[in-house]
Protein chains: 2
Amino acid sequence: MPDPAELERDLRTAGLRVTRPRLAVLDAVHVHPHLDTEALIGAARTRLESISHQAVYDVLRVLTDTGLVRRIQPQGSVARYEARVGDNHHHLVCRDCGVIVDVDCATGAAPCLMPSGDAPPDFVVDEAEVIYWGRCRSCATAPAAPSTTARPAERGNP
Amino acid sequence: MPDPAELERDLRTAGLRVTRPRLAVLDAVHVHPHLDTEALIGAARTRLESISHQAVYDVLRVLTDTGLVRRIQPQGSVARYEARVGDNHHHLVCRDCGVIVDVDCATGAAPCLMPSGDAPPDFVVDEAEVIYWGRCRSCATAPAAPSTTARPAERGNP
DNA sequence: CGGCGTTTCTTGACTGCTTCAAGGGAGCAG
DNA sequence: CTGCTCCCTTGAAGCAGTCAAGAAACGCCG
């Protein structure tokens, strides 16, 4: 649960104007990592009594462009957002339920790993994005996939 | 350039019926790795004089489901396909022009790396998908980004 | 070799996520 | 407080991909 004043400071530091929609969305992303845009619209509307669809899309774009939030999009999922930036962490994604879990990066700084040995032709690599695919505890024990289209959500209170 | 008979054998081995659309699409994916669906429709239409939109989507779905082709989708790109499967290789993606280059995996077998040390909670990881982001030779030397929306393509003849 | 059942392709329409565009409203410097 | 600039609202459109019904093709079998 981030301090509103701190969120405001983050916006100013990034050279952005401080508006209620931006504070609401930024707070929502902090509190609920890995939500998709639709869910973030809902989360923002619990903070403000009204905010448009489009405003949330605009805000998310600005926040990602300035690096205040990070956008992730595993195969078969819509765009999701998280506020944990700067550290070079990765994600585990459950193939069945779609839940996303953060994993720390071993080496720390980006790019945490370089293309191994032989192959890097003339590429200047600045980031290695890693997604670990597998199955979470509950989906690994329960044999059949419960949900058809995975609707990932965080562990915790909505 | 794969042998048509070999492609046919691959289809049969996977338990699929051999049809001209499937041979055309599968050949196109072999010859032109990392193409998107629209481009593959075009490539298939150079092999067959007519094939529908929908057929290509269906074929690609079946081929991915059976593991004959692999689907990749870097951030901000539409779905792309490649026929190099089985080896656990990864990709370099240029942030500017969007070109995709294969990189061999150091360790070989999937999952080539496990979530580092501390964090894997109850997850059974079976694959680690790695995308290296950076800039290719020409985009690294040329300062400004030439293309707005990246239109990745392979190096080679179309 | 030819018929039949099942799978697959064609045609056409549609969904859902995301973006474009124009105008009124809000933040912030002076 | 005033004005400039940027941001949010409203409404509509774009695009990749999907759904659905019927025709055509594959391939098993006699």
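Bear in mind the structure is a predicted one, so any value in this text is a computation, not a measurement. Chain letters run A, B, ... following the sequence lines, proteins first, then strands; residues in each count from 1.
- Judged by atom type and distance alone, A/Glu38 does not reach the base of C/dC17 through any side-chain donor-acceptor pair under 3.5 Å.
- B/Tyr57 places its OH atom 7 Å from the P atom of D/dA16, with the value rounded to the nearest Å.
- One can place NE2 of B/His53 at 17 Å from C1' of C/dT8, the figure rounded to the nearest angstrom.
- Scanning both residues, A/Phe123 and B/Gly134, for their nearest heavy atoms gives CE2-C, 4.1 Å.
- The interatomic distance linking A/Gln73 (CD) with C/dT18 (C1') rounds to 11 Å, in whole Å.
- Residues B/Glu129 and A/Val93 form no side-chain contact, since every pair of their non-hydrogen atoms from C-beta on lies 4.5 Å or further apart.
- In this structure, the nucleotide among C/dT18, C/dC9, D/dG17 sitting nearest to the side chain of B/Ser52 is C/dC9.
- The residue B/Val62 sits apart from the nucleic acid: no heavy atom pair falls under 4.0 Å.
- For DNA chain D, the neighbouring residues in residues 14-26 of chain B, judged by any heavy atom under 4.0 Å, are B/Arg17, B/Val18, B/Thr19.
- Protein atom CZ of B/Arg61 is 9 Å distant from nucleotide atom C1' of D/dG17, rounded to whole Å.
- Side-chain atoms of A/Gln54 come within donor-acceptor range of the base of C/dC20, with a qualifying N/O pair under 3.5 Å.
- Look at CG on A/Asp65: it is 15 Å from C1' on D/dC7, rounded to the nearest Å.
- The side chain of A/Arg12 places no N or O atom within less than 4.0 Å of a non-bridging phosphate oxygen (OP1 or OP2) of C/dG27.
- With A/Glu82 as the fixed residue, the side chain to side chain donor-acceptor pair (under 3.5 Å) test singles out one of A/His30, A/His91, A/Arg71: A/His91.
- Whole-Å rounding puts the A/Leu48 CG to D/dC7 P distance at 17 Å.
- Distances shorter than 4.0 Å separate some side-chain N or O of A/Thr37 from OP1 or OP2 on C/dT18.
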